[in-house]
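Here the structure is laid out as structure tokens; the discussion comes afterwards.
Just so it is clear, the structure is predicted and the values come from calculations on it, not from any experiment. Keep in mind that the numbers below use all heavy atoms, side chains included, and drop hydrogens, waters and symmetry copies. In this chain, numbering begins with 1 at the start of the sequence shown.
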Amino acid sequence: MKTRNLFVKIKAGLFSVLLVASLTSCDDFLTVPSESNYDSENLFQTVVQARMAAYGAYVVMAHPMYGRKVVTMTTTDCDIMRTSGGWETVGRRNFSRYSSTPASVDTELNSLWNKWYSCIERCNICIERVPQMALYSGGTAQEQAELKRIHGEMLALRALCYLDLIVRWGDVPARFTPSKAGEVFYVDRTSRDVIYDQIISDLKTAVELTPWRKEVAAQARFTKGAVKGLLARVCLHAAGYSLRWDLATGGNMGMRKRPDAAKIEEYYELARQQCADVIDDPNANHRLNPVYQNIWKNVCAQKFDTEFGESMFEIGMYNPEVGESSYNGQIGNKIGANCNKESKYGMTGTEVRLTAPYILSFKEHDTRFETVVADMEVDKNSKGIITNRLWEYNPGKWRAWWCPTYMNDYTNINWIYMRYADVLLMFAEAENYIHHGPTDAAIKALKEVRKRAYKGNEEEIENEEYGDMSEEQFLDVLIQERAWELGAEALRKFDLIRWNKLGEMIQKTKDAQIAIASNTADYPKFCYYKPCDDPTKGYPEKAYSNIDKDPAYPTADGWVQTNYTNKMSSNADIMTTYARDFQANKTELYPIPQSICDDNPKLSQHPSYK
């Protein structure tokens with residue numbers, strides 16, 4: 001059988017999606033089938049072979065998918081994050097600015113489209129073939145449990161693929177059975193509501209088939225809590241707003257919910273119940289890590305959170321071989337804090353920035369700021385310095401100096417796809433919707449997240465009052481809280497769309513950037529700092545001033561001057577190119593890449609991009 005060999009091994013505290021199977025051959029290698037042999041009759045004879053096929057589906061999601069492009073290129077520009085640099089006619093600086101055409105997205109997004117469908121096809125094969133195995137119902141208890149888990153995982157992974165396709169393109173072609181030899185896969189879009197209904201049904205099945213986290217080894221694989229979290233996320237999107245049009249005519253374009261009000265209510269209730277199952281789990285499989293920053297230090301150090309399980313599902317990247325074709329990912333490089341390549345920690349070249357209004361929105365005692373916002377970077381001497389210009393601050397959850405080895409271009413850092421904090425906030429959102437206002441349970445879930453954020457000042461959160469708020473007011477609270485808690489985790493843009501808030505929040509961000517640039521009383525021009533010798537342990541001392549070369553902070557005493565808001569008003573990257581071509585009722589979704597339409601003559605283009 002034609003194969004390609006991929007390193008797959010367990011590392012202390014870290015599990016890649018390509019883990020070592022207990023094989024008697026190949027010396028700690030796992031032989032993953034080639035695409036042409038993926039549905040071979042001989043591939044589904046043993047548990048090891050079925051597991052191998054499942055890992056072959058998982059690995060498609062690594063690099064360059066969730067190892068770079070999905071989480072950096074398709075998640076901006078929104079109210080909290082923007083693409084770095086200016087505007088271009090093609091590529092990420094084009095479609096992130098909402099300047100998309102079928103041709104301009106073709107250079108990057110065609111590969112994402114194809115890989116999502118490649119993963120779906122691999123999942124379809126596993127979903128069909130694994131339950132047909134003799135061992136599925138006739139093997140030992142251990143064999144049956146593992147095969148049922150694989151079955152459930154593939155249902156969940158396929159659902160993940162369809163969700164992430166729908167939030168970017170709306171109605172997409174759908175298939176839930178494997179392609180057959182000689183078959184031509186020329187089909188048009190399928191209603192997103194049909195797809196949502198199917199994957200929600202699939203996820204209900206997957207919940208019954210998968211084990212809880214504490215029942216299995218720590219791995220980058222779906223477990224029951226993560227499936228429940230994904231089911232809740234899918235339900236909220238299925239019940240929320242999206243850009244829709246009549247598939248038959250291409251008319252009636254607009255942001256709206258699905259027409260079936262009863263189904264919307266059903267899905268909010270299902271989302272609430274799935275989150276409640278995780279929150280009320282008597283075995284506490286998932287809880288908040290009491291120290292917010294440790295979530296990200298763990299993932300950068302290539303460790304699973306086996307104590308708290310806040311990281312519920314990670315897309316694995318680890319491979320001892322390094323490179324574009326080794327699936328290592330570029331998390332921490334293309335998204336994360338800046339680090340000079342001449343330093344002892346490694347190199348980064350982040351493609352995204354946080355917006356100034358978002359950075360300034362954090363309150364005084366919110367400890368998440370020092371993790372979410374990287375205003376510190378590392379220079380060539382391995383010292384911590386303050387980044388020049390407020391609007392150039394980066395997402396800080398991934399940092400080279402938290403990694404165990406020198407960071408190359410490819411980093412081996414897993415992408416956290418689902419966190420327990422997200423489950424708490426989704427629960428609060430569903431509760432608020434169902435009861436038309438905040439309940440005690442919804443407030444409790446919100447405050448659990450906020451108390452961790454205000455560690456040391458929990459009494460501030462205890463004294464917060466939400467009980468008299470309307471449904472809309474409490475939703476606004478949750479919208480802001482999700483920004484602070486889940487910032488830069490590839491959720492925000494699509495959350496805003498399902499709330500029908502993207503255009504509103506983009507405009508507010510543009511207005512706020514202008515206000516910040518012109519208000520030197522509240523937002524000083526300059527930041528003065530003293531570098532810190534060890535960024536793993538310390539932080540630069542900072543002070544702010546409107547005075548250029550302020551004598552209060554002399555260079556002789558070690559102070560370094562950098563811009564804060566100075567020259568912000570004249571910076572084209574944020575004043576003119578940020579979300580420059582956003583158009584309501586059009587750019588909430590991408591056009592399908594031209595090459596995809598060329599390959600499938602039955603596939604209809606987004607009507608506003610024809």
Salt bridge (Lys or Arg N to Asp or Glu O under 4.0 Å) assessment of E128 paired with R158: CA-CA 13 Å; E128 179 182 86; R158 183 174 69 181; over 6 Å; no

Grab the two heavy atoms, one from [X] and one from [Y], that are nearest each other, plus how far apart they are.
{"X": "N252", "Y": "R256", "value": "O-NH2, 2.7 Å"}
{"X": "S104", "Y": "N94", "value": "OG-OD1, 2.7 Å"}
{"X": "E351", "Y": "R92", "value": "O-NH1, 3.2 Å"}
{"X": "I335", "Y": "A488", "value": "CD1-O, 3.8 Å"}
{"X": "G332", "Y": "I413", "value": "CA-CD1, 4.3 Å"}
{"X": "K115", "Y": "P64", "value": "CE-CD, 3.7 Å"}

Heavy-atom neighbours of Q132 CD exceed 12 at 6.0 Å: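 Yes, CD of Q132 has more than 12 neighbouring heavy atoms, counting only those of other groups under 6.0 Å.
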
Could you tell me whether [X] and [Y] have a side-chain N and a carboxylate O separated by less than 4.0 Å?
{"X": "R149", "Y": "E153", "value": "yes"}
{"X": "D77", "Y": "K493", "value": "no"}
{"X": "E489", "Y": "R419", "value": "yes"}
{"X": "D79", "Y": "R492", "value": "yes"}

Member of D106, N114, N600, T107 meeting the side chain to side chain donor-acceptor pair (under 3.5 Å) criterion with S595: D106

Sole candidate of N328, T411, D409 that passes side chain to side chain donor-acceptor pair (under 3.5 Å) when paired with N333: D409

Do side-chain atoms of [X] reach the backbone of [Y] as a donor and acceptor pair under 3.5 angstrom?
{"X": "D171", "Y": "R189", "value": "no"}
{"X": "R122", "Y": "G56", "value": "yes"}
{"X": "K602", "Y": "D188", "value": "no"}

From Y66, W415, F222, residue fulfilling ring-ring contact (aromatic ring centres under 6.0 Å, His included) relative to F313: F222

For Y590, the option from Y609, Y98, F95, W113 that meets ring-ring contact (aromatic ring centres under 6.0 Å, His included):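 By the ring-ring contact (aromatic ring centres under 6.0 Å, His included) criterion, Y590 pairs with just one of Y609, Y98, F95, W113: F95.
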
Just so I know, are the side chains of [X] and [Y] near enough to count as touching, which here means a heavy-atom distance under 4.5 Å?
{"X": "P173", "Y": "Y117", "answer": "yes"}
{"X": "W398", "Y": "T350", "answer": "no"}
{"X": "M312", "Y": "Y420", "answer": "yes"}
{"X": "L163", "Y": "L230", "answer": "yes"}
{"X": "Y268", "Y": "L236", "answer": "yes"}
{"X": "R175", "Y": "I120", "answer": "no"}
{"X": "K501", "Y": "Y241", "answer": "no"}
{"X": "D193", "Y": "P259", "answer": "yes"}

Distance-only donor-acceptor check, side chains Y433 and E265, under 3.5 Å: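 Yes, because at least one side-chain N or O of Y433 sits under 3.5 Å from a partner of the opposite role on E265.
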
D197 side chain to Y267 side chain, donor-acceptor N/O pair below 3.5 angstrom: yes

R233 to Y417, cation-pi by 6.0 Å centre distance and 45° axis angle: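 Yes, cation above the ring, under 6.0 Å and within 45°.
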
Inter-residue atom distance Y136.OH - R129.CZ, 0.5 Å rounding: 14.5 Å

